[in-house]
Amino acid sequence: MSLTIYNTLHRKKEIFEPIKPPHVGMYVCGPTVYGDAHLGHARPAITFDIVFRYLMHLGYKVRYVRNITDVGHLVNDADAGEDKIGKKARLEELEPMEVVKYYTDRYHKNMDQLNILHPSIEPTASGHMIEQIEMVRKIIENGFAYEAKGSIYFDVEKYNKDHNYGKLSGRKIEELRENTRELAGQEEKKNSFDFALWKKADPTHLMHWPSPWSEGFPGWHMECSAMGAKYLGETFDIHGGGMDLLFPHHESEIAQANAANGHDAVKYWMHNNMITVEGQKMGKSLNNFITLDEFFSGNQEKLTRAYSPMTIRFFILQAHYRSTVDFSNEALQAAEKGMKKLFETVKLINNLQVSKTSSVEVQPFEALCVKAMDDDFNTPIVLAHLFDLSRIINQVNDGSATLTAKDIEFVKSLYNTWLIGLLGLHDEKGEDDSQLVEYLMGTILELRASAKVNKDYATADKIRDELAKLNIQIKDTKDGAKWGFK
RNA sequence: GGUACCGUGGCCGAGUGGCUAGGCGGUGGUCUGCAAAACCAUUCACGGCGGUUCGAAUCCGUUCGGUACCUCCA
């Protein structure tokens with residue numbers, strides 16, 4: 001059995017064979033830091049976190065690069081020619097890099113909450129201008145780009161003579177030609193489907209850099225090509241991102257790599273599917289655009305209550321990454337219950353009755369989990385196996401099944417490896433312990449107070465003595481009992 | 001309109017030719033001072049039509065429906 005990955009390039013599952021084992025290079029398109037992270041950011045982050053964890057588990061030395069896009073993207077057609085981050089900056093009268101820092105920090109906080117491992121390298125587009133300009137230069141040199149009024153465009157038609165522009169997305173250049181829309185700035189291009197490698201900045205543009213062609217900014221496909229090549233080499237193993245990036249972003253990356261270096265950069269293209277909210281696309285205009293912070297706080301009108309980061313993570317893992325996943329309060333609450341149940345049984349493992357023999361076989365579960373994961377990271381199946389195993393634990397706890405000490409130890413390590421290590425889930429209950437302790441002590445002190453009122457001093461003293469053993473001291477004051485740690 | 005993906009039980013969601021997915025919910029039971037949890041049993045399925053096959057949720061055709069992309073939007 002070996003790991004298979006669905007390669008979008010060939011529309012089928014392929015056995016994973018690294019280019020230079022034991023090393024694996026993986027590049028994933030990261031966020032544009034101009035707003036708070038939402039579910040659309042959580043999905044790829046979690047998907048490729050699982051890939052990252054599993055590859056390391058298999059013993060590979062993985063370099064995982066996930067970029068931060070901090071330059072040069074547009075708000076929408078109404079704001080054509082305006083930098084996405086620049087626009088936000090002017091609205092709020094902030095320096096662009098101040099906006100970048102603010103949202104980058106918030107993104108990192110959300111990712112930590114979701115228990116997503118940090119990538120090995122997290123390069124920024126603004127920090128790699130030289131590399132991007134250099135790559136544009138190479139593409140021009142090789143004859144696949146042209147200049148128009150200080151901007152550089154990729155000549156798709158010319159490229160397509162010897163290469164296949166559309167091999168990833170299944171598009172044909174003839175069809176693209178028919179689907180032309182009238183857009184500002186189009187007249188600079190030879191063909192509507194040509195894309196910018198370098199764009200001259202207009203005077204209102206806040207973020208711009210010098211280049212051989214103009215004061216401007218790089219085209220939006222450039223950073224991934226340039227930074228992927230810089231940190232992972234001209235060819236590397238995995239490139240990931242959302243399905244929405246398939247065209248034109250990743251298609252254009254392929255074209256750029258071939259135009260610059262004469263060959264593909266990526267062996268396996270992986271794409272996670274999209275997220276819907278109550279069956280609808282998530283969009284600001286639809287009022288179902290929910291940020292991660294809003295999920296965690298429950299402070300959004302679509303949400304009936306808050307959902308913890310682990311609930312979100314669990315819910316996403318309960319669907320395969322190539323399926324769409326639909327968010328609703330009902331579905332989230334079901335996921336939350338299931339996850340809690342799973343962690344309840346995990347806690348039972350330490351207190352199970354040890355038997356001389358096992359009435360059920362637990363050893364096969366390891367292979368089952370491996371099989372599921374090897375099959376294109378099928379996390380829902382892994383979870384299903386863990387649920388099956390949890391029933392066995394409950395049965396042992398109930399006395400209707402038995403396990404040897406060795407098997408109990410095995411089960412424990414299985415959960416540690418799979419549930420906690422590879423799926424990256426953990427029990428959140430302990431996290432608000434202090435609040436819980438406050439509450440518990442309140443209840444206990446009330447009981448003791450009513451015992452004292454009933455002159456049941458034996459009970460009152462017993463409570464005080466037992467708590468003392470736990471290093472908790474009770475002080476009877478005029479205003480009632482207080483407590484503290486000794 | 002083009003390209004790609006998808007349509008599974010009350011809900012979410014696996015499954016690619018024959019063998020129980022799993023979770024949540026529902027129902028009955030065991031346990032229990034009551035409740036909860038747990039355990040046991042059980043309910044509900046593969047959009048429609050046609051085809052291939054001994055046999056299809058799984059393959060093929062067709063139709064209907066959904067989603068995403070088709071813009072210098074991750």
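All chains are named by letter (A, B, ...) in the order of the sequence lines, taking the proteins before the strands, and each is independently numbered beginning at 1. Computed from a predicted structure; not experimentally measured.
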Any chance you could measure A:Ile393, atom CD1, to A:Asp388, atom CG, to the nearest 0.5 Å? 11.0 Å
How far does NE2 of A:His385 sit from OG of A:Ser390, to the nearest 0.5 angstrom? 13.0 Å
Value in whole Å for how far the [atom2] atom of [N] lies from [atom1] of [X]:
{"X": "A:Glu251", "N": "B:A68", "atom1": "CD", "atom2": "C1'", "value": "16 Å"}
{"X": "A:Asp398", "N": "B:C40", "atom1": "CG", "atom2": "P", "value": "8 Å"}
{"X": "A:Glu253", "N": "B:A74", "atom1": "CD", "atom2": "C1'", "value": "11 Å"}

Using the [atom1] atom on both, measure [N] against [M] and round to a whole Å.
{"N": "B:G23", "M": "B:U63", "atom1": "P", "result": "40 Å"}
{"N": "B:A57", "M": "B:G18", "atom1": "P", "result": "10 Å"}
{"N": "B:G65", "M": "B:C46", "atom1": "C1'", "result": "16 Å"}
{"N": "B:U3", "M": "B:U42", "atom1": "P", "result": "48 Å"}
{"N": "B:A14", "M": "B:C6", "atom1": "C1'", "result": "15 Å"}

Closest approach to the side chain of A:Ser323, judged atom by atom: which nucleotide of B:C5, B:G23, B:A14 is it?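 Closest nucleotide to the A:Ser323 side chain: B:A14.
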Would you classify [X] as touching base, sugar-phosphate or nothing, given that sugar-phosphate means primed atoms plus P, OP1 and OP2, and contacts are heavy atoms under 4.0 Å?
{"X": "A:Leu246", "result": "nothing"}
{"X": "A:Arg391", "result": "sugar-phosphate"}
{"X": "A:Lys172", "result": "nothing"}
{"X": "A:Asn397", "result": "nothing"}
{"X": "A:Gly241", "result": "nothing"}
{"X": "A:Ser328", "result": "nothing"}
{"X": "A:Gly170", "result": "sugar-phosphate"}

Can you check whether any acceptor in the base of B:C72 is under 3.5 Å from a donor in the side chain of A:Lys199, or vice versa? yes
In terms of the nearest nucleotide of RNA chain B, which residue is placed more toward the 5' end: A:Ala335 or A:Gln318?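 Result: A:Gln318.
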Between A:Ser169 and A:Pro248, which is nearer to the 5' end of RNA chain B once each is assigned its nearest nucleotide? A:Ser169
What verdict does the salt bridge (charged side-chain N to carboxylate O under 4.0 Å, His left out) test give for A:Asp105 and A:Lys101, after you've listed the backbone C-alpha separation in whole Å, the side-chain angles of each residue and the deciding distance to 0.1 Å? CA-CA 6 Å; A:Asp105 284 352; A:Lys101 171 67 176 159; 3.2 Å; yes
Honestly, is A:Arg322 close enough over A:Tyr6, meaning NZ or CZ under 6.0 Å from the six-membered ring centre and within 45° of the axis?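 Ring-cation test returns yes.
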